[in-house]
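See structure below.
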Amino acid sequence: MVSPLIVTGTSKTESAEQTTRLSRPLSGYLDNYRTEPYLSSLLAGTFADGSSIVLFGSSELATEDHPAKPVNFFNKRLKQPLLAIGHDGNQCLSIHSQLITAGGDLSKAKLAILLSPSWFGGTPGKRGTELSCFLEYNPSPSLYRLADRVANGDSLVRPAQQYLLQHANDLSTAEPIVKYLVQSGSTLNTAKYSFALPMTRNLMVRAQPTMMLKPQLQMSSDFSSTATVDVPEWQSLYADAVYAHLSACTNNDVFINDDFYSTYINGDTRLLRPLAIEENREFQDLLALLDYLVVMNADPLFIVQPVNPYVYTDQDAFDPTIQRIKEELRSRDFAYLDLWAKDTAHFEPGVLTDAAHLGAYGWYRVDSMIMAHFQ
């Protein structure tokens, strides 16, 4: 189990500037919170003023770099700040918990969320966010912010605390803040841990000044609020990206780049393994995330990604799951980019570079939608 980060040896009066390498407005790519344990505090400010686009996703954000990826396209080409967060496993409840720990109204937040079909099928769908991943994105400073809202009776934080309660048996060696949230999480637990809880609370209180630091950001000179953004020639970018992708697919006829095909596919097929909605933990986590966004007055953009239908052979059976996801987005009036293809007839070569991750053409489609949504 990965324990949340506890920072030691920092006095209450020490400058919080030492706790971050980021600048304002937030930009770049973070695979998790390991190098930025105070990120939830920084996100709170960014959500409040909408100074940066924040893109949440999973493994697609960690694929090979390309100018089309939003973290490059917006920050380098358009000179518009965008922060991308996530790697494989950063699913709905993890994203939900990051929004919870940042806190605050989201009416000005520029939120974009990538949804991967693979989250909602098989084991990932049945189990939802894994504990190790949850803790990667909720280090101790984040959980102190959560505990503060718990103490004030904020019911909106319940999903994150409930998740820890469900995994209580795996948290025996966790940090004091995690133990506190578990031990104080219910009347039954408060009684059960009546002897341990005062000691846990004492450890937590001692660390609280360090955990509740709010880093002071230096202004970046890379962005200008008065800069004019030229609208790219999207059709030209699309055509060039598709041509480059097809040129890299010479050893197969399923539109996958040569290296990936020869290393991982070689004629094999895969399954998404659809689940009944009532058995799909990830789908329930998505509903909770969507409802939270409604309550917090958010206007997010979702990207519904595809998988390669030449490789994944049960897409017809999985299509109802995707249709239900899109139905839930529409019912809340949330915008989304629909890249899903239920069969080979609906699949656009070049949207993906491999079997399940966006290629340059797919990323340019995402860039275009993000730009239009947040203009």
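- Surrounding CZ of Arg281 are more than 12 heavy atoms belonging to other residues, nucleotides or ligands, all under 6.0 Å away.
- The cluster map of Ile, Leu, Val, Met, Phe, Trp and Tyr, joined by side-chain heavy atoms under 4.5 Å apart, puts Val231 and Leu237 in the same cluster.
- In this structure, Arg127 places its CZ atom where only 12 or fewer heavy-atom neighbours from other residues, nucleotides or ligands lie under 6.0 Å away.
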The test is side-chain hydrogen bond (donor to acceptor under 3.5 Å, both in side chains); show your working for Ser142 and Asn138 and say whether it passes.
CA-CA 5 Å; Ser142 294; Asn138 290 276; 5.0 Å; no
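- The heavy-atom pair separating Val311 from Asp268 by the smallest distance is CG1-O, 4.2 Å.
- Residue Leu146 comes nearest to Ala160 through the heavy atom pair CD2-CB, 4.0 Å, listed as atom of the first residue, atom of the second, then distance.
- Atom CG of Asp333 has 12 or fewer heavy atoms from other residues, nucleotides or ligands within 6.0 Å.
- Follow the hydrophobic side-chain contacts under 4.5 Å out from Leu181 and you never reach Val205; the two are in separate clusters.
- Linking Ile, Leu, Val, Met, Phe, Trp and Tyr whenever their side-chain heavy atoms come within less than 4.5 Å leaves Leu246 and Tyr243 in two separate clusters.
- Contact annotation: the side chain of Pro232 approaches that of Phe73 to within less than 4.5 Å [non-hydrogen atoms, C-beta and beyond].
- Annotation: ring-ring contact (aromatic ring centres under 6.0 Å, His included) contacts of Tyr264 (sequence neighbours excluded): Phe260.
- Asn72 is listed as a side-chain neighbour of Asp65, based on a closest heavy-atom distance under 4.5 Å.
- Residues passing the ring-ring contact (aromatic ring centres under 6.0 Å, His included) test with Tyr310 are Phe255, sequence neighbours excluded.
- Of all the heavy atoms in Val307 and Leu352, the pair that sits closest is C-CD1, 3.5 Å.
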Going by atom type alone, with no hydrogens or angles, which donor-acceptor pairs under 3.5 Å involve a side-chain atom of residues 354-372 and a protein atom two or more places apart or on another chain?
residue : atom : partner : partner atom : Å
Asp354  : OD1  : Ala356  : N            : 2.8
Asp354  : OD1  : His357  : N            : 2.7
Asp354  : OD1  : His357  : ND1          : 3.4
Asp354  : OD2  : His357  : ND1          : 3.1
His357  : NE2  : Ser59   : OG           : 2.8
Tyr361  : OH   : Glu348  : OE2          : 2.8
Tyr361  : OH   : Arg365  : NH1          : 3.3
Trp363  : NE1  : Leu358  : O            : 3.4
Arg365  : NH1  : Glu348  : OE1          : 2.9

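- Leu143 is not listed as a side-chain neighbour of Met211, based on a closest heavy-atom distance of 4.5 Å or more.
- At least one side-chain heavy atom of Cys133 sits less than 4.5 Å from a side-chain heavy atom of Tyr137.
- In the hydrophobic clustering of ILVMFWY residues, with side-chain heavy atoms under 4.5 Å counting as a link, Ile53 and Ile113 come out together.
- To the nearest 0.5 Å, atom OG1 of residue Thr263 and atom CD1 of residue Ile256 are 11.5 Å apart.
- The stretch residues 94-103 participates, sequence neighbours left out, in no salt bridge (charged side-chain N to carboxylate O under 4.0 Å, His left out) pair at all.
- Note that CG of Asn32 is 10.0 Å distant from CD1 of Ile85, once rounded to the nearest 0.5 Å.
- Among all heavy-atom pairs drawn from His96 and Ala288, the shortest one is CE1-O, 3.5 Å.
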Evaluate Asn257 against Thr353 for side-chain hydrogen bond (donor to acceptor under 3.5 Å, both in side chains), listing each step before the verdict.
CA-CA 6 Å; Asn257 73 75; Thr353 185; 3.2 Å; yes
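- By the side-chain contact (heavy atoms from CB on, under 4.5 Å) test, Asp319 pairs with Gln323, Trp340, Lys342, sequence neighbours left out.
- Distance alone, capped at 3.5 Å, is enough to place a donor-acceptor pair between the Asn280 side chain and the Phe283 backbone.
- Nearest heavy atoms, Ser27 versus Leu83: O-CD1, 3.7 Å.
- Qualifying ring-ring contact (aromatic ring centres under 6.0 Å, His included) partners for Phe56, counting only residues two or more places apart in sequence or in other chains: none.
- Formation of a donor-acceptor pair under 3.5 Å by the Lys76 side chain with backbone atoms of Val71 is not found in this model.
- The heavy-atom pair separating Asn75 from Gly28 by the smallest distance is ND2-N, 3.4 Å.
- With sequence neighbours excluded, no residue forms a ring-ring contact (aromatic ring centres under 6.0 Å, His included) with His245.
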Begin with the C-alpha distance, continue with both residues' side-chain angles, and end with the deciding distance and a verdict on side-chain hydrogen bond (donor to acceptor under 3.5 Å, both in side chains) for Thr101 and Ser40.
CA-CA 6 Å; Thr101 57; Ser40 59; 4.6 Å; no
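- In this structure, OH on Tyr38 lies 15.0 Å from CG on Leu43, to the nearest 0.5 angstrom.
- If you take CD on Gln305 and CD1 on Ile322, they are separated by 10.0 Å, rounding to the nearest 0.5 Å.
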Run the salt bridge (charged side-chain N to carboxylate O under 4.0 Å, His left out) test on Asp314 and Arg270 for me, step by step, so that the C-alpha distance in whole Å, both residues' side-chain angles and the decisive distance to 0.1 Å come before the verdict.
CA-CA 8 Å; Asp314 61 345; Arg270 300 177 180 180; over 6 Å; no
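- Every residue two or more places apart in sequence or in another chain that forms a side-chain contact (heavy atoms from CB on, under 4.5 Å) with Ser23 is listed here: Ser220.
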May I have the step-by-step check of side-chain hydrogen bond (donor to acceptor under 3.5 Å, both in side chains) for Asn90 and Glu136, ending in yes or no?
CA-CA 9 Å; Asn90 188 32; Glu136 280 188 80; over 6 Å; no
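- Counting only residues at least two apart or in different chains, salt bridge (charged side-chain N to carboxylate O under 4.0 Å, His left out) contacts with residues 111-122 are absent.
- Around CZ of Arg206, the count of heavy atoms belonging to other residues, nucleotides or ligands within 6.0 Å does not exceed 12.
- Under the 4.5 Å side-chain contact rule for hydrophobic residues, Leu287 and Leu111 share a cluster.
- In this structure Arg149 satisfies the side-chain contact (heavy atoms from CB on, under 4.5 Å) test together with Ile100, Asp154, Leu156, Val157, Tyr292, sequence neighbours excluded.
- Applying the salt bridge (Lys or Arg N to Asp or Glu O under 4.0 Å) test to Arg324 and every residue at least two apart in sequence or in another chain returns Glu328.
- For Asp259, there are no salt bridge (Lys or Arg N to Asp or Glu O under 4.0 Å) partners two or more places apart in sequence or in a different chain.
- Within a 6.0 Å radius of CD in Glu278, other residues, nucleotides and ligands contribute more than 12 heavy atoms.
- Under a 4.0 Å N-O distance rule, the pair Lys108/Asp49 does not qualify as a salt bridge.
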